[in-house]
Amino acid sequence: MEQYKTYEMSFECGNPFGEVTAVFTGESGVSTTVRGFASGVNEVKVRFYPSACGQYTYKISGEVETSGSVMCTAAGGAGPHGIVRASATHFRYDDGTWFYPFGTTVYALAHQDKELVDTTMETLSSSPFNKVRMCVFPKHYEYNHNEPELFAFERDEDGKFDMSRPCFEFFDEFERRINELENMGIQCDLILFHPYDRWGFADMGMEEAKCYLDYLIRRLAAFPNVWWSLANEFDLMKYTRGEWEELAGFVSECDVYKHLLSNHNCIEFWDFDNKDTTHICLQVKNCDEVSGLIRKYGKPLMVDECCYEGNIPYEWGNISAFEMVNRFWTAVVQGGGCTHGETYLIDDEVLWWSRGGRLKGESPERISFLKDIVDSLSGPITYCGFEFTKEKYDEINANPDVAENDFWRAVARAPWDRAKAAMLNGKEYMGRVGEEAYIKYMGRKCAAFTEFNLPENHKYNVEIIDVWNMTRKTILSGVSGKLTVELFGTEGTALLARRIP
C-alpha cells in the first residue's frame with residue numbers, strides 16, 4: 001500500500017450486494033470506516049485511501065469476515081500528492097502542494113467508442129489541462145447523439161434503468177479512464193446529474209438518485225483525483241433547492257474522504273454558503289466578479305464555464321480563441337481558476353466540449369503559457385486590485401459629501417446594481433503572491449501606459465507580457481513604489497513584477 005494511492009482488496013462473495021464494512025486503523029489510532037461494493041457477479045471489493053504512511057490494521061465484517069494488517073509506504077518525492085482540498089480561498093493537495101486548476105470540459109468522454117476515448121486521452125496527455133469535467137451519464141444534445149455501448153446501470157424487463165443493478169463492465173472501463181487521468185496528473189470533476197437526457201437518468205426520484213450515489217461513492221471515493229459536481233446546470237432539472245441540498249448532504253455523508261463538492265448553474269447560482277459545498281463553481285460570461293465572490297464566500301472559485309472557443313451558431317459556443325485566453329487571465333489574476341471548452345464544427349461533429357478527440361483551437365497553447373507563469377510562482381495568486389464594494393457604495397450613498405468628485409457623487413446617487421455595473425467596466429485586474437510577485441493584466445484595454453504600484457521596501461524586476469504572442473521581456477530592473485509603465489497599446493498585455501532576493 002502506498003500513501004495517497006487507492007488500496008484495493010477483492011473477495012469472492014455469494015451475495016456481493018450484501019453489506020460489507022471495513023475499518024482501517026493507522027498507527028495514530030485514527031480509524032476510517034469504508035463500505036464494500038459489488039464489483040462482479042460473485043465479487044465484492046473494498047477500497048481505502050491512505051493519507052498517512054505506517055502500519056494499518058483492518059477488520060472486515062458482514063458478508064466477508066477477515067482481518068489483518070498492511071504497511072503503507074511514503075509517497076515518492078514527485079508524487080502522488082493526494083486528494084485536492086479547499087485551503088482558504090485556494091486549492092491544495094493533501095501533501096501541502098498547491099494545486100492551480102486549469103480545466104477543460106469533455107462532457108461525454110466516457111460514452112464514446114474506445115478509439116475516440118483513446119484519442120482524447122492522448123490529446124489530454126500533451127495539453128495544459130489538469131482538470132476535466134465529465135459526466136457519469138451519457139449526454140443527449142446538439143452534436144452529441146451517439147448511443148453509448150454501455151451504461152452505468154442495467155435495464156429491467158421493461159427497459160427502464162435499474163439503479164440497484166450496476167453494469168460492472170461500464171464501471172470497470174470508467175474507472176480505468178479515471179485512473180488514466182490520475183496517472184497524467186489530471187483531476188476528474190465528475191458531473192453526477194444533468195438535464196440533457198433521453199434515457200431517463202434525469203427523471204430519477206430521490207430514492208433512485210440516492211441508490212445510484214451510494215454505489216458510485218462506494219466505488220470511487222478512494223480515488224484521489226475525483227471531485228463531485230452535483231450537476232451541470234442544476235437549475236434546469238426538476239429537483240427543488242431543498243432536494244439539491246439533501247443530495248449534497250448525502251454525498252458528503254457517504255464520502256468519508258470529503259472530496260471537493262460543488263454545483264454548476266445555468267442561470268441561478270448555487271448557494272455557495274451551503275455547508276457541504278467546498279468551492280464556488282460558476283457558469284458566467286463575464287469574469288469580472290470573480291474576486292468579489294471569493295471575498296463574499298471565502299472559498300476557492302472555478303469559472304467552470306465561460307463559453308467555448310468555437311464556431312457553432314449558439315452564442316455560448318463561438319467566442320474567439322483570444323477571448324477564451326482573456327477570460328482565463330481575468331479569472332486567474334483575481335485569484336480564481338478557469339475551465340476551457342472548444343466547439344469547432346470543421347470536418348465532423350466530434351466537438352471537444354462534448355465528445356473529445358483532437359483540440360483544434362488556438363487557446364490551449366496560450367493557456368499553457370499562462371499556466372507556466374503561475375506554476376513558477378511560490379504560491380497562489382490573491383486579488384489586490386481596486387474593487388468597488390458594496391461597503392464603499394453604502395458609505396458614499398449615505399453621505400455623498402465624502403465623494404471625491406462629481407463622478408463619485410453620481411455613483412452614490414445611482415442604485416447599487418447600476419453603480420456596480422458602471423464600476424466593473426473599470427475594474428483593475430491585479431493579483432499578488434505575498435510581496436514576492438505582483439501581476440497586472442490589462443485585458444482588452446489598449447492603454448499606452450499604466451500605473452503599477454509595488455511595495456517601497458523591496459526591489460523588483462518587471463516584465464511585460466504579450467498573452468497572445470506569448471512573449472516576455474524585462475523592461476525595468478531594481479524598481480519599487482509607484483511606477484508609470486509604458487505598454488504596447490494593444491489588447492492582452494500583462495505586467496509581472498518579481499522581488500529581487
Electrostatic pair Glu243-Lys238, nearest N-O below 4.0 angstrom: no
Listed partners of Glu208 passing salt bridge (charged side-chain N to carboxylate O under 4.0 Å, His left out), at least two apart: Lys160
Side-chain donor-acceptor contact under 3.5 Å, Asp94 with Tyr257: no
Applying side chain to side chain contact (heavy atoms under 4.5 Å, CB included) to Arg472 and not counting sequence neighbours gives Phe369, Ile373, Glu463, Ile465, Leu496, Arg498
Partner set under salt bridge (charged side-chain N to carboxylate O under 4.0 Å, His left out) for Glu289, not counting sequence neighbours: Lys420
List in chain and number order the residues that pass salt bridge (charged side-chain N to carboxylate O under 4.0 Å, His left out) with Arg92, two or more places apart in sequence or in another chain; answer none if no residue qualifies. none
Given the rule in the salt bridge (charged side-chain N to carboxylate O under 4.0 Å, His left out) test, do Glu436 and Arg499 qualify, once you have shown the distances and angles that lead to the verdict? CA-CA 5 Å; Glu436 176 215 312; Arg499 189 174 74 189; over 6 Å; no
Is Lys139 positioned over the aromatic face of Tyr141, cation under 6.0 angstrom from the ring centre and no more than 45 degrees off axis? yes
Measuring from Trp270:CH2 to Leu230:CG, what's the distance to the nearest 0.5 Å? 6.0 Å
Under the side chain to side chain contact (heavy atoms under 4.5 Å, CB included) test, residues paired with Asp417 that sit two or more places apart: none
Contacts of Asp394 that satisfy salt bridge (charged side-chain N to carboxylate O under 4.0 Å, His left out) - sequence neighbours left out: Lys390
Step-by-step salt bridge (charged side-chain N to carboxylate O under 4.0 Å, His left out) determination, Glu245 to Arg241: CA-CA 6 Å; Glu245 290 170 1; Arg241 278 279 181 152; 5.7 Å; no
Cation-pi check, Lys427 to Tyr383: give yes when NZ or CZ is under 6.0 Å from the six-membered ring centre and within 45° of the ring axis, no otherwise. yes
